[in-house]
Undergrad: 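Encoded as structure tokens, here's the structure I'll be asking about.
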Amino acid sequence: DAGVIQSPRHEVTEMGQEVTLRCKPISGHNSLFWYRQTMMRGLELLIYFNNNVPIDDSGMPEDRFSAKMPNASFSTLKIQPSEPRDSAVYFCASSPGLVGTQYFGPGTRLLVL
Amino acid sequence: QQPVQSPQAVILREGEDAVINCSSSKALYSVHWYRQKHGEAPVFLMILLKGGEQKGHEKISASFNEKKQQSSLYLTASQLSYSGTYFCGTESGSEKLVFGKGTKLTVNP
């Protein structure tokens, strides 16, 4: 079975540009999580969905960040406008339910110049 | 609430043992352990459920003491491939998994 799929794997953009990260969870998983990882702050949970509905977005740093899950097999995390401090690795993870083991995608390495 | 891991980092020689601790201020339902190698995604190692069980994965095992609200990960006869950052994730009741800050393990030849 395919694991969690994320695209792009690497993204380099200039400050002020819009960035869209994509995630396809494992088929049959009902919960999807977006994380950001940096050396300074470690692994931070940004937002998570259950059955395509956002449950908790308290980890989203600013209004510049938004996430959607239009269907069970696709989610996006958008940053508009992007800033250099947004540079990080963004992971998407899915889980059969809200509680339980999470399976991580390979991550998107974002660099904002 | 984020669990606390200790130590933050540990350096071993191949063949040595290490213990990584994870503690929470909340009553725990389960503890998960993940390992992340440099440049890769975190990978699930094992889950321990309420009941004080101990589990093993290769020469890596873990215990869960629900009364003390803590878990320990034991790495015995460490191998070079054990190097990475180890994260514990805890669940309390119906809350989502919350990860600790990680423990960086370096195994040298």
Side-chain angles (χ1 to χ4, degrees), chain A residues 1-10 21 23-26 29-51 53-60 88-111, chain B residues 1-9 20 22 24 26-51 53 55 57 60 62 64 66 71 73 84-106:
Chain A
D1 285 339
V4 175
I5 299 172
Q6 290 187 247
S7 64
R9 293 293 307 276
H10 302 273
L21 311 181
C23 175
K24 177 178 169 54
I26 293 172
H29 283 191
N30 294 324
S31 298
L32 183 140
F33 305 80
W34 281 101
Y35 290 89
R36 177 173 69 177
Q37 187 175 40
T38 61
M39 288 291 289
M40 291 295 292
R41 290 189 295 269
L43 199 59
E44 301 173 278
L45 177 64
L46 300 177
I47 184 172
Y48 63 98
F49 298 81
N50 192 48
N51 294 322
V53 176
I55 303 300
D56 185 348
D57 66 354
S58 59
M60 297 285 258
V89 181
Y90 290 81
F91 288 106
C92 172
S94 71
S95 175
L98 267 182
V99 293
T101 302
Q102 295 182 17
Y103 297 86
F104 283 76
T108 294
R109 196 171 293 271
L110 174 66
L111 178 60
Chain B
Q1 191 161 355
Q2 187 176 45
V4 177
Q5 289 187 235
S6 63
Q8 290 185 331
I20 300 172
C22 172
S24 173
K26 303 180 79 170
L28 299 177
Y29 171 76
S30 68
V31 179
H32 303 229
W33 286 97
Y34 287 75
R35 177 171 63 203
Q36 183 179 28
K37 291 184 178 289
H38 183 68
E40 299 180 9
V43 174
F44 171 75
L45 289 177
M46 65 187 80
I47 179 174
L48 299 103
L49 302 176
K50 193 168 72 168
E53 64 177 299
K55 277 199 162 185
H57 175 79
I60 301 173
F64 177 24
E66 63 188 271
S71 176
L73 187 71
T85 299
Y86 289 78
F87 293 95
C88 72
T90 57
E91 289 176 317
S92 303
S94 60
E95 289 186 0
K96 65 189 185 301
L97 198 60
V98 179
F99 288 96
K101 289 188 181 295
T103 296
K104 184 175 182 181
L105 175 72
T106 303

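It should be emphasised that the depicted structure is a prediction, and the values quoted were computed from it without experimental measurement. As a basis for the values below, the full set of heavy atoms in this structure was taken, side chains included, without hydrogen atoms, waters or symmetry mates. In what follows, chains carry the letters A, B, and so on, assigned in the order in which the sequence lines appear, proteins first and then strands, with residues in each chain numbered from 1.
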Undergrad: Please give me the minimum heavy-atom distance between A:G105 and B:A41, naming the atom from each residue.
TA: O-CB, 3.0 Å
Undergrad: Quick one: are A:Y35 and B:P42 in side-chain contact, heavy atoms under 4.5 Å?
TA: no
Undergrad: Hey, could you give me the CG/CD distance between A:L43 and B:Q2, rounded to the nearest 0.5 Å?
TA: 9.5 Å
Undergrad: Tell me every residue that passes salt bridge (Lys or Arg N to Asp or Glu O under 4.0 Å) with A:R41, counting only those two or more places apart in sequence or in another chain.
TA: A:E44
Undergrad: Tell me, for A:N50 versus chain B, whether the close heavy atoms (under 4.5 Å) come from the side chain, the backbone, both or neither.
TA: neither
Undergrad: Between B:E40 and chain A, with a heavy-atom cut-off of 4.5 Å, which part of the residue counts as in contact: side chain, backbone, both or neither?
TA: backbone
Undergrad: Below 4.5 Å from any heavy atom of chain A, which atoms of B:Y29 appear? Answer side chain, backbone, both or neither.
TA: neither
Undergrad: Indicate yes or no: at least one non-hydrogen side-chain atom of B:F99 is less than 4.5 angstrom from one of A:Q102.
TA: yes
